[in-house]
Each structure stands twice: as structure tokens, then as C-alpha cells.
Engineer: 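My questions all concern the structure below.
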Amino acid sequence: MAHTRVDWDTYFMNIARAVATRSTCPRKHVGAVIVRDKIILSTGYNGSIRGMPHCTEVGCEMENGHCVATVHAEANAIIQAARNGVRIDGADIYVTASPCWSCFKLIANSGIKRIFYGEFYRDERSLRVASECGIELVSMEHAGGLEE
């Protein structure tokens, strides 16, 4: 049986999907991978503030239909890079769901230039302003997942 080698974008999105399996908020499992020159710089998933109980342990803290106890995957990936002194300016980010407005602003200010996302999730503001910010948004919603 012939092995089909996935392209780089599918490879990194598959890794983002694997990262999402670490999520601790049952409402949505999201993973993010920051990449430059085909090298993974940082990863993140949505979960509680470090040292705080997880939603899976104590339930979600809801405001306006959103769990506010969690730090989003994109923010955690950016934070992990900062904690480790990793420069992400000019990098790409692969996220299993399109970023919310707050995360989009963090991504834009971090210098990330391309956002690859799996499913579209709620917020269309980032779609409207991405080109003005010099950010390319790439939908991978219909791209294949893990292949044999």
C-alpha cells in the first residue's frame, strides 16, 4: 500500500489538532501551532490560568455565552513563545478554529503574518480587517485531516 505524504500545511494543522486534545474546557477544544520556516516555534491549547482548576474539574465560568475561565489556544501559544524567548515575528499560526477578535489582535500585534484555520468560529471581524493589517487568512476547513 502506497503512503501518501501530506503537504506542510496539512502536517501543521494535524499537529494543531493533536495539541487541541490537551484542552481542558469541554465547550470547545482548540489547538494552535506557531511555525516559521517549517519549524515549530510554539504550541498552545485552551485551558485555565496556570495553577488554577480546569473547567473539566470545576465547570465553566460563563459570561455572555462564553467560558471566561480559559486562556485561548492562540494566546497560550504566543505566551509560551514569550516565556521561552522565542521570536515569532513573521511566523505563521495554525489554529483548529478561526481566532476570536481578542486573539486576532494578539496575533496581529505579535507579528504573525498568516493564520491557517480549521473551522470558522463565530467572529467575522478578523476576516474584515486582516488584509488591512497585512495578515493573510487561509481557511483549511475543507482540507483533509490525518492520512495513512
Side-chain angles (χ1 to χ4, degrees), residues 6-56 59-147:
V6 298
D7 61 78
W8 284 106
D9 294 332
T10 301
Y11 171 72
F12 291 123
M13 186 58 77
N14 287 343
I15 293 171
R17 289 183 186 115
V19 171
T21 66
R22 290 284 304 155
S23 173
T24 60
C25 183
R27 294 182 47 78
K28 188 131 190 89
H29 294 242
V30 180
V33 179
I34 299 175
V35 175
R36 188 176 46 247
D37 300 327
K38 298 183 178 114
I39 296 169
I40 295 172
L41 303 175
S42 183
T43 65
Y45 54 88
N46 57 322
S48 295
I49 296 170
R50 278 182 194 270
M52 298 296 291
H54 297 289
C55 297
T56 51
C60 296
E61 186 177 332
M62 300 300 294
E63 282 182 16
N64 300 323
H66 298 279
C67 178
V68 296
T70 60
V71 178
H72 289 186
E74 306 93 318
N76 272 327
I78 292 168
I79 291 163
Q80 179 182 332
R83 285 177 59 102
N84 290 304
V86 176
R87 186 179 66 84
I88 58 174
D89 187 43
D92 299 332
I93 190 167
Y94 293 79
V95 191
T96 58
S98 61
C100 70
W101 182 238
S102 293
C103 285
F104 177 82
K105 292 185 289 184
L106 292 175
I107 290 167
N109 278 6
S110 75
I112 289 172
K113 294 299 179 195
R114 288 194 299 177
I115 302 169
F116 294 84
Y117 63 92
E119 68 173 294
F120 176 76
Y121 184 66
R122 294 189 187 182
D123 205 322
E124 294 195 11
R125 284 178 283 194
S126 57
L127 300 177
R128 283 198 317 266
V129 302
S131 61
E132 293 176 50
C133 298
I135 295 174
E136 182 183 353
L137 281 166
V138 181
S139 172
M140 293 188 68
E141 196 159 9
H142 302 293
L146 297 170
E147 295 183 17

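Side-chain atoms are counted along with the backbone in the values below, which use heavy atoms only and exclude waters and symmetry mates.
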Engineer: Take T21 and H29 through the side chain to side chain contact (heavy atoms under 4.5 Å, CB included) test and state the conclusion after the steps.
Structural biologist: CA-CA 7 Å; T21 66; H29 294 242; over 6 Å; no
Engineer: Suppose the criterion is salt bridge (charged side-chain N to carboxylate O under 4.0 Å, His left out): which pairs have a residue in residues 128-138, not counting sequence neighbours?
Structural biologist: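 Every candidate salt bridge (charged side-chain N to carboxylate O under 4.0 Å, His left out) pair involving residues 128-138 fails, so no pair, neighbours aside, qualifies.
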Engineer: Report the residues that fulfil ring-ring contact (aromatic ring centres under 6.0 Å, His included) with F104, sequence neighbours left out, ordered by chain and then residue number.
Structural biologist: W101
Engineer: List in chain and number order the residues that pass side-chain hydrogen bond (donor to acceptor under 3.5 Å, both in side chains) with H54, two or more places apart in sequence or in another chain; answer none if no residue qualifies.
Structural biologist: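 H54 satisfies side-chain hydrogen bond (donor to acceptor under 3.5 Å, both in side chains) with T24 once adjacent residues are dropped.
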Engineer: Quick one: salt bridge (charged side-chain N to carboxylate O under 4.0 Å, His left out) partners of K28, sequence neighbours excluded?
Structural biologist: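 By the salt bridge (charged side-chain N to carboxylate O under 4.0 Å, His left out) rule, K28 matches E119.
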Engineer: Mind jotting down which residue pairs meet the ring-ring contact (aromatic ring centres under 6.0 Å, His included) criterion with at least one end in residues 74-96? Sequence neighbours excluded, please.
Structural biologist: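 Residue pairs with at least one partner in residues 74-96: F12-Y94, Y94-F116.
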Engineer: Under the side-chain hydrogen bond (donor to acceptor under 3.5 Å, both in side chains) rule, collect the residues that match up with S42, sequence neighbours excluded.
Structural biologist: none
Engineer: Once side chain to side chain contact (heavy atoms under 4.5 Å, CB included) is applied, do any residues pair with C100, and if so which ones, sequence neighbours excluded?
Structural biologist: H72, S102, C103
Engineer: How far does SG of C133 sit from NZ of K113, to the nearest 0.5 angstrom?
Structural biologist: 9.0 Å
Engineer: Can you name the side-chain hydrogen bond (donor to acceptor under 3.5 Å, both in side chains) partners of N76, sequence neighbours left out?
Structural biologist: none
Engineer: Looking at residues at least two apart in the chain, or sitting in another chain, which of them share a ring-ring contact (aromatic ring centres under 6.0 Å, His included) with Y117?
Structural biologist: none
Engineer: Restricting to side-chain hydrogen bond (donor to acceptor under 3.5 Å, both in side chains), what partner residues turn up for D37, sequence neighbours left out?
Structural biologist: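 With sequence neighbours excluded, D37 shows a side-chain hydrogen bond (donor to acceptor under 3.5 Å, both in side chains) to no residue whatsoever.
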Engineer: Only pairs at least two apart or in different chains count here, so list each salt bridge (charged side-chain N to carboxylate O under 4.0 Å, His left out) that has a residue in residues 83-94.
Structural biologist: D92-R114
Engineer: When rounded to the nearest 0.5 angstrom, what distance separates OG1 in T10 from CZ in R17?
Structural biologist: 7.5 Å
Engineer: Around M62, counting heavy atoms of other residues, nucleotides and ligands shown, do more than 12 lie under 6.0 Å from its CE?
Structural biologist: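 Yes, CE of M62 has more than 12 neighbouring heavy atoms, counting only those of other groups under 6.0 Å.
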Engineer: Applying salt bridge (charged side-chain N to carboxylate O under 4.0 Å, His left out), can you list everything that pairs with R125, at least two apart in sequence or on another chain?
Structural biologist: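 D123.
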Engineer: Applying the side-chain contact (heavy atoms from CB on, under 4.5 Å) test to I88, which of I107, I34, V35, I93 qualifies?
Structural biologist: I34
